[in-house]
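Notes to accompany the following structure.
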Amino acid sequence: PAPKKVAPQVEITETCVECGGPMTLRNFRGRYFLGCAAYPKCKSTAKVSPELAERIKAAEAAPPAAS
């Protein structure tokens, strides 16, 4: 199997509409979406906004940080 694609490090300011908790960037089948950090208690999801999509694209294009 192919290695799991790691979501880029992008600041997420959106909150969950159901529980008010923070949202996290998730990747499923090559597409990004926002999922509640309280999963599996809260299964709320949201689409990525156009502004966030641009930040994700820029983070993916940036060279990886040296360790």
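Side chains included, hydrogens not; waters and symmetry mates left out as well; all remaining heavy atoms used.
- Interatomic distance, NZ of Lys57 versus OH of Tyr32, reported as 12.0 Å (0.5 Å rounding).
- For the pair Cys16/Cys42, a side-chain contact is recorded, criterion being any heavy-atom separation below 4.5 Å from C-beta on.
- Of all non-hydrogen atoms in Ala53 and Val48, the two that sit nearest each other are N-CG1, 3.6 Å.
- Taking CD1 of Ile56 as the start and CG of Asn27 as the end, the distance is 9.5 Å to the nearest 0.5 Å.
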Steps toward side-chain contact (heavy atoms from CB on, under 4.5 Å) verdict (Leu34, Ile12)
CA-CA 9 Å; Leu34 297 176; Ile12 307 295; 4.1 Å; yes

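- Sorted by first and then second residue, the side chain to side chain donor-acceptor pair (under 3.5 Å) pairs involving residues 8-23 (not counting sequence neighbours) form an empty list.
- Proximity of Ser44 to Cys19: side-chain heavy atoms (C-beta onward) are nowhere separated by under 4.5 Å.
- Within 6.0 Å of the CZ atom in Phe33, the count of heavy atoms belonging to other residues, nucleotides or ligands exceeds 12.
- No donor-acceptor distance shorter than 3.5 angstrom exists from the side chain of Arg26 to the backbone of Thr45, with no hydrogens or angles considered.
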